[in-house]
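Just so it is clear: chains get the letters A, B, ... in the order the sequence lines come, proteins before strands, and each one is counted from 1.
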Amino acid sequence: MDILKFLTAGSVDDGKSTLIGRLLYDTDSVLADQLEAIQNANRKNDDGTVDLAILTDGLKAEREQGITIDVAYKYFQTDKRKFIIADTPGHIQYTRNMVTGASNADLAIILIDARKGVIEQTIRHSYLVSLLALKHVVVCVNKMDMVAYDEDVFEEIKASYLKLASQLNLSHITFIPVSALRGDNIVNTSVNMPWYSGKSLLEHLETVEVAEQNVNLPARFPVQWVIRPQTDELHDYRGYAGRVASGTFNIGDAVTVYPSGTKSKIAKIEVFGGELNAATQGASVTIHLQDNLDISRGDLLALSTAAPTIANRIEADICWMDTKPLDTSTMYLIQHHSKVTKCKITDILYKVNINTLEKINTHDLGLNDIGRVEIKTADELAFDPYEINKNNGGAIIIDSRTNVTVAALMLRAGV
Amino acid sequence: MDYLDQLEAEAIAILREVAGQFEKPALLFSGGKDSITLVRLAEKAFRPGKFPFPLVHIDTGHNFPETISFRDHLVQSIGEKLIIGLVQDSIDSGKAVEQKGKNASRNALQTVTLLETIEKYGFDACIGGARRDEEKARAKERIFSVRDEFGQWDPKRQRPELWNTFNGKIHKGENVRIFPISNWTELDVWNYIKRENIALPSIYFAHQREVVFRNGQYMAAADALQIDATDEVSTRMVRFRTVGDMTCTAAVESEKTDIDDIILEISQSKISERGARMDDKVSEAAMEDRKKGGYF
């Protein structure tokens with residue numbers, strides 16, 4: 001059994017909370033005391049049934065101010081799979097939350113209100129999914145009960161979404177007509193839409209193949225920590241601890257260490273209480289090299305046959321996440337895996353109007369703005385273009401005065 | 001990759017980030033299954049080296065004796081350092097005031113001792129075994145959760161946490177709470193304990209115990225509970241789903257004495273884990289309020 005992490009994009013108005021509530025409720029993932037809490041709540045649907053949206057209700061601080069602060073994580077499982085939902089708010093002022101949620105998701109569910117069709121927020125959500133390079137999209141056309149379960153409505157929305165998707169370079173799109181409120185095609189296939197022969201949402205989530213295309217990507221291993229016990233019996237022990245970001249490392253593979261460029265071969269791959277012949281994407285291991293090199297935290301091991309991009313002038317897409325706007329004269333820190341170095345954002349090439357996809361010339365980037373920038377870093381970074389290998393192409397910007405994470409970067413190319 | 005391997009690899013990577021990013025981290029150890037799991041994960045992250053942090057136990061003085069002897073045995077067997085912060089010391093020095101009345105608990109006082117211990121040793125990062133599936137305030141907390149000088153969590157000022165990139169930069173006096181098993185569920189922890197054959201304190205398994213029925217739940221009949229004539233004490237087969245202070249951890253009736261049965265019981269159970277914790281029942285936002293006050 002594996003884990004599928006997915007993101008839900010939409011707002012309360014689209015029935016997003018009801019959809020998540022329905023998934024939890026119909027998979028028996030709501031426990032008695034939580035159920036008791038929602039049954040005791042004053043909020044009920046018009047027909048007197050419990051309001052499943054309560055299951056995704058937020059914190060006191062949010063209710064008091066009527067806002068959604070953040071990404072909330074929900075967990076459920078079926079016999080086939082375990083699921084982690086990143087539940088993010090859909091309004092434009094929460095773009096940074098959606099970017100954050102999308103950064104760790106394998107799949108995105110985009111909710112479209114059947115009565116409204118493809119609207120501005122659909123474009124925005126789809127753009128963000130494409131920006132963060134999510135490979136799987138499920139478009140749930142919700143509230144089908146409000147349009148008399150009409151197939152034509154569904155087909156029209158599908159056609160106009162596909163037009164949008166081709167502009168955004170989205171692939172693997174699945175369309176499902178649903179009513180989260182009534183439970184149509186969420187867990188069980190709907191009797192109200194006999195014209196739909198596809199899977200229910202849950203069946204799709206249980207079976208969709210997201211197994212990392214990354215396994216075939218060039219091998220990358222950021223060093224997090226050097227294990228050197230320096231005891232009498234382990235005097236010469238030197239292991240590089242980290243997690244394989246992409247690809248596969250085998251014993252005997254020739255590797256290059258970045259940024260130094262020194263080369264060696266893999267002598268041993270260790271895990272607690274054993275050794276492996278190979279380590280693939282996602283595995284936390286300790287690697288030993290044949291030669292005694294000077295390697296420390298922040299360095300990257302890469303297969304010598306497939307070098308990453310090495311650059312200190314980098315073009316990147318940026319999502320600005322701080323209330324204080326980007327300042328091209330300020331020195332920031334950039335963190336790429338465990339590597340932290342100083343940087344300046346030297347140029348704002350353009351900003352994207354994410355409701356219309358229009359590129360705008362600008363000198364300003366503020367909270368929730370997305371654009372293309374040029375960065376100059378103190379030390380060189382060893383990265384891959386984000387769209388090819390997102391596990392070695394994402395980085396964050398930290399304001400060294402406040403220590404806050406102020407931006408997400410999708411690194412695109414050396415300049 | 002199997003889901004337990006995925007969760008394990010993620011947790012190991014988080015622990016190694018703690019080692020790499022902080023000067024003086026600590027692993028908060030309660031003697032419960034989640035922190036025992038963290039100890040195993042730390043072995044996986046750092047052996048054959050030593051842990052780059054000590055274990056820290058905030059001891060209310062009202063712990064189950066089984067937990068304390070388990071703790072001491074574990075620390076000895078792994079050969080790592082244990083620091084104990086005593087709530088009694090905070091009470092004696094006047095920094096914490098004991099609650100009065102029948103339902104008095106030292107649970108809330110732990111926060112005082114925790115903050116005192118952090119200050120005394122200058123810890124800049126505290127690793128904890130909290131999980132997001134436990135409670136809705138936890139569901140919104142970061143894996144690296146920055147606390148101010150007063151240990152407070154501000155849900156509105158959390159840092160965006162992208163990919164597996166963790167920003168642990170802080171100002172002097174601040175510290176970060178770190179939750180490597182954020183993405184695990186209760187069942188995941190149990191399945192992992194089974195797979196790894198990890199030993200647990202005996203109170204997790206069904207045993208005969210004197211209990212008091214109070215506020216709809218069975219509590220261990222301990223001295224700390226202030227039992228009086230109105231209390232009905234009986235002996236029952238029970239086990240504990242979480243292990244905290246004896247004054248606020250309720251038992252569930254159970255015949256389950258081995259881990260397979262417990263896993264089955266949990267997967268069929270209809271009461272969520274924190275439902276057996278009186279401290280969350282005080283109000284709907286109990287956990288949120290305690291976290292803001294410095295609780296982990």
Show which side-chain atoms of residues 268-275 of chain A pair as donor or acceptor with protein atoms under 3.5 Å away, not counting sequence neighbours.
| from | atom 1 | to | atom 2 | distance (Å) |
| --- | --- | --- | --- | --- |
| E270(A) | OE1 | Y237(A) | OH | 2.4 |
| E270(A) | OE1 | H288(A) | NE2 | 2.6 |

Qualifying residues under ring-ring contact (aromatic ring centres under 6.0 Å, His included), relative to Y386(A), sequence neighbours excluded | W163(B)
Please classify the contact between [X] and chain A as side chain, backbone, both or neither, with a heavy-atom cut-off of under 4.5 Å.
X: R132(B); answer: both
X: L187(B); answer: side chain
X: A11(B); answer: neither

Contact winner vs chain A - K50(B), R47(B), Q6(B), E174(B), heavy-atom pairs under 4.5 Å |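 Top option by heavy-atom pairs under 4.5 Å: Q6(B).
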Heaviest contributor of heavy-atom pairs below 4.5 Å to chain A, chosen from L4(B), D5(B), V146(B), D2(B), is D2(B)
Please look at [X] and chain B and tell me whether the side chain, the backbone, both or neither of the residue comes under 4.5 angstrom of a heavy atom of that chain.
X: I84(A); answer: side chain
X: L409(A); answer: backbone
X: A395(A); answer: backbone
X: Q77(A); answer: side chain

Tightest non-hydrogen contact, residues K169(B) and N403(A), listed as O-CB, 3.4 Å
Euclidean distance, T185(B) OG1 relative to Y75(A) OH, rounded to 0.5 Å |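 Reported value, rounded in 0.5 Å steps: 9.0 Å.
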Say you draw a straight line from OH of Y73(A) to CZ of R142(B); how long is it, rounded to the nearest 0.5 Å?
-> 6.5 Å
With a 3.5 Å cut-off and no angle check, do the side chains of R16(B) and T286(A) form a donor-acceptor pair?
-> yes
